[in-house]
Amino acid sequence: MRLFTLTRLVTAEGRGASGRLIGMAGGIAVGVALLLLLLGAYGGVTSRTERATWMALGDGVSTEVRDLTAAAPTDETVLAATALDHFDGKTITRVDIAATPDSTVVVPGVGRPPAAGTYHASPALIALIEANPTDILGSRYGTPAGVIDDAGLASPDSLVVVTGVTTGSLNASTFSVAGGILHGGVWSVTEFRGTAYPSTNYRTITIIGAIATLLPVLILVGIVTRLGAATRAERFAALRLIGATPRRVAAIAATETGVTSLVGALAGTALAWLLIPAAALVELDDGRFFRADLTVPSSTVLVVLAGVVAGSTTVAGWRTSRARIGPLGGSRERSERRLSTLRVVPLVVGVVLVLGTTIAALLHTPLTHADRILIAGFILIAVGLIAAGPVLTYRIAQIAARGARGTAGVIAMNRIRQHPRATFRAVSGLVAAVFLVSVFSAAITTAISDSPSAQGSEQLSSSILVAGLDSPPQADATTAASHRTALTAAASQIAHTAGVTATAIGSYYPDEGVGFTASDAARVGLPTPDGTSHLQVTGTSFSGGPLATRPATAPGPTPAILVVSTDGTTHSVERARTAILGSELRLSSPPTTRVDHEGSRVEAWATRYANLAHLGILVATLISAVSLAVSSIAAILDRKRVLGLLRLMGMPASTVRRVIIAEAALPLATVFALCVGLGILTAWCIVAGLTEGRRTITWPPPSYYLVLATSLTLAATAVLATFRTARTNTTIEATRIE
């Protein structure tokens with residue numbers, strides 16, 4: 001009861017105390033809300049990846065079918081093939097399934113496999129089908145039989161179709177697909193199962209990204225709790241004056257902080273819940289999040305609440321007991337204890353770990369558990385920068401103090417020497433942000449190198465569709481001729497589709513490439529030199545690469561591809577694609593345009609994770625600005641009496657402002673280049689170390705330097721915003737000692 005009464009004396013002191021507690025609770029609420037949203041996003045990315053990869057066949061619970069003529073589905077297994085379809089620049093994931101009527105295999109989001117000739121589609125694909133004529137899209141898949149629910153979709157925007165087929169027609173759908181997530185071929189499947197990560201490398205990157213994004217949030221929560229301790233010293237001194245023991249004062253500080261933290265944490269939980277619908281609108285890779293993806297389990301919420309309250313309460317009591325507040329108050333600042341150079345050890349150890357692991361990987365002698373070592377090294381570097389910052393700041397301040405001439409410089413440098421921890425703490429959020437932004441920005445350059453290069457004129461027209469043709473195995477001359485006749489008839493029928501201008505069948509050359517007659521090549525728009533009877537197309541001309549052609553002799557008899565030229569309109573291209581898929585042609589790859597190939601490359605996993613990195617950059621930058629503003633205000637409130645005495649002695653307000661700027665600029669300038677360099681080095685070590693040098697990074701893109709400039713601008717704005725606090729808290733009233 002006595003403790004409660006004393007606590008009321010501390011907290012019931014008018015607008016100042018109320019504002020302090022409200023600000024502390026508000027800061028904790030923002031931190032907890034961000035923490036819960038980030039935890040939800042981490043779990044959401046994992047769960048949506050599992051829902052996106054059940055279509056990737058060949059992962060442990062399926063067997064590739066080599067001879068389809070000897071294979072058939074059973075009640076316990078289905079035959080399945082996955083392909084990427086395209087429509088107007090959009091990618092559609094198609095899963096063809098041959099199953100028995102009594103199949104017990106469960107298709108995620110569908111249940112029992114659809115009957116032959118029917119399909120289940122995602123809501124987004126159904127809307128797309130209904131918005132277009134049947135001969136353009138809908139007739140590709142058969143008769144609609146149902147909707148794929150959320151359990152089988154990565155996103156509300158996912159375009160997915162599960163079609164029921166016969167075993168014979170499944171052979172014609174055995175596509176080899178691109179994009180980095182799907183396997184070609186026909187598979188015998190007992191269970192459709194997704195994976196959380198495409199590989200252990202991406203799991204490692206996800207864990208590092210989660211830690212990197214959470215670090216600024218935790219720094220923000222820690223800094224906000226300092227705001228509560230900044231103005232309590234003189235109130236606690238009054239309690240000491242009336243007989244309260246140091247232990248009792250520490251208990252009061254812990255109680256006040258604990259209750260405030262609890263209120264802020266509960267408000268942050270409510271705020272996170274209210275922000276989930278807005279956060280779900282953020283598009284990542286192939287679409288938005290489901291709201292359930294961002295919802296944190298109740299057990300996790302309780303752990304976060306307990307951790308924030310217990311941590312802030314314990315720290316507040318510990319700091320107050322160590323402050324040794326006496327009956328005469330804390331008007332005189334005590335110098336901090338001398339810093340130990342051991343604070344630099346975590347940083348050095350972290351650099352050694354990531355460099356050593358990467359060098360071993362490049363020498364093709366990878367260390368055991370290299371992924372865990374890289375995670376540990378990253379954590380040590382990130383934490384080590386914060387731990388080593390005060391030591392480096394102290395050393396630089398020593399040097400700067402010797403050459404300081406102006407009043408502001410002398411005061412600022414000497415205070416930094418006396419309080420290096422408190423000074424560096426003010427910019428610790430921004431320091432962490434610069435390091436993390438450097439890591440993210442450098443790491444995503446490995447995805448940028450995967451993106452398609454700039455388009456030139458020497459490429460296949462985007463109005464041309466190319467489909468791979470599947471030839472009968474070990475066909476004799478009669479069968480081959482019959483097959484060629486059937487192909488010609490099917491191509492002729494496709495040529496009569498509205499919007500199609502020409503078709504041509506290319507055959508394999510024994511050495512390289514695909515050959516056409518000069519007349520066929522000219523009809524579909526391939527550049528043909530005069531006087532040439534046949535044209536040979538080499539390289540990746542039909543998959544988005546440069547168009548490489550040369551005169552040649554007649555090709556071999558084996559048909560390779562079907563080329564369909566259209567008038568270039570979206571409806572014509574898609575109508576032709578639908579006609580190819582609905583024909584009797586046996587296809588080894590689906591009909592695609594150059595643009596479709598480029599889109600598939602952009603969907604690589606590296607690019608997907610690069611999108612997450614952009615979110616991490618945004619979070620780190622914004623939180624750093626808030627952290628700097630809060631910590632600068634707390635620092636002013638901590639020493640308002642000292643600054644007030646200087647003002648009373650005649651120091652101009654402009655000099656006080658210069659002192660504040662110098663105290664913020666020196667620690668940041670001390671470690672800025674170090675953060676940038678270590679960030680780029682860490683990104684290279686992670687990328688090269690996980691891939692044994694198969695991937696690397698380049699210099700960060702121009703957007704990186706823009707983000708750095710924005711961070712510094714936000715930092716400057718945050719410091720300038722504290723000038724009003726400095727003016728109102730360094731008046732004559734601040735020097736009163738009762």
Provide the closest heavy-atom pair for Pro390 versus Pro420 in the form atom of the first, atom of the second, distance. O-CB, 3.6 Å
Could you tell me the separation between the CD1 atom of Ile680 and the SG atom of Cys675, rounded to the nearest 0.5 Å? 11.5 Å
Residues which pass side chain to side chain contact (heavy atoms under 4.5 Å, CB included) with Leu34, listed by chain and number, not counting sequence neighbours: Val30, Val217, Ile623
Quick check with a 6.0 Å cut-off and a 45 degree axis cone: is Arg48 positioned over the face of Phe290's six-membered ring? no
Do you know which two heavy atoms are closest between Ala154 and Asp293, and how far apart they sit? O-OD2, 4.2 Å
Using atom types as modelled and distance alone, determine if a side-chain donor or acceptor of Ser158 lies under 3.5 Å from a backbone N or O of Ser155. yes
Side chain to side chain contact (heavy atoms under 4.5 Å, CB included) filter on Ala29, not counting sequence neighbours, yields Ala267
Can you name the nearest heavy-atom pair linking Leu274 to Pro277, along with the distance? O-CD, 3.3 Å
Nearest 0.5 Å, please: how far is CG in Leu380 from CG in Leu347? 9.0 Å
How long is the gap from CG on Asp150 to OG on Ser47, to the nearest 0.5 Å? 11.0 Å
What is the minimum heavy-atom distance between Phe424 and Leu385, and which atoms define it? CZ-O, 3.9 Å
Considering all heavy atoms of both residues, which atom of Ser261 and which atom of Ser312 are nearest to each other, and what is their separation? OG-OG, 2.7 Å
Keeping Arg51 on the side-chain end and Leu153 on the backbone end, is there a donor-acceptor pair under 3.5 Å? yes
Applying side chain to side chain donor-acceptor pair (under 3.5 Å), can you list everything that pairs with Arg343, at least two apart in sequence or on another chain? none
Scan residues 427-440 for pairs that pass side chain to side chain donor-acceptor pair (under 3.5 Å), counting only residues two or more places apart or in two chains. Ser438-Tyr704
Between CG on residue Leu39 and CG on residue Leu294, distance to nearest 0.5 Å: 11.5 Å
Going by the rule side chain to side chain contact (heavy atoms under 4.5 Å, CB included), which residues pair with Ile373 if we only count those two or more places apart in sequence or in a different chain? Leu353, Thr357, Leu367
So, the side chain of Thr260 versus the backbone of Ala25: is there a donor-acceptor pair under 3.5 Å, distance only? no
Supply the atom-to-atom distance Leu681 CG to Ile686 CD1, rounded to the nearest 0.5 angstrom. 9.5 Å
Got a sec, which residues hit side chain to side chain contact (heavy atoms under 4.5 Å, CB included) with Leu392, two or more places apart in sequence or on another chain? Thr670, Val671, Leu674
Do you know which two heavy atoms are closest between Ala397 and Met413, and how far apart they sit? CB-O, 4.0 Å
In Å, rounded to the nearest 0.5 Å, how long is the span from CD1 of Ile276 to CG of Leu271? 10.5 Å
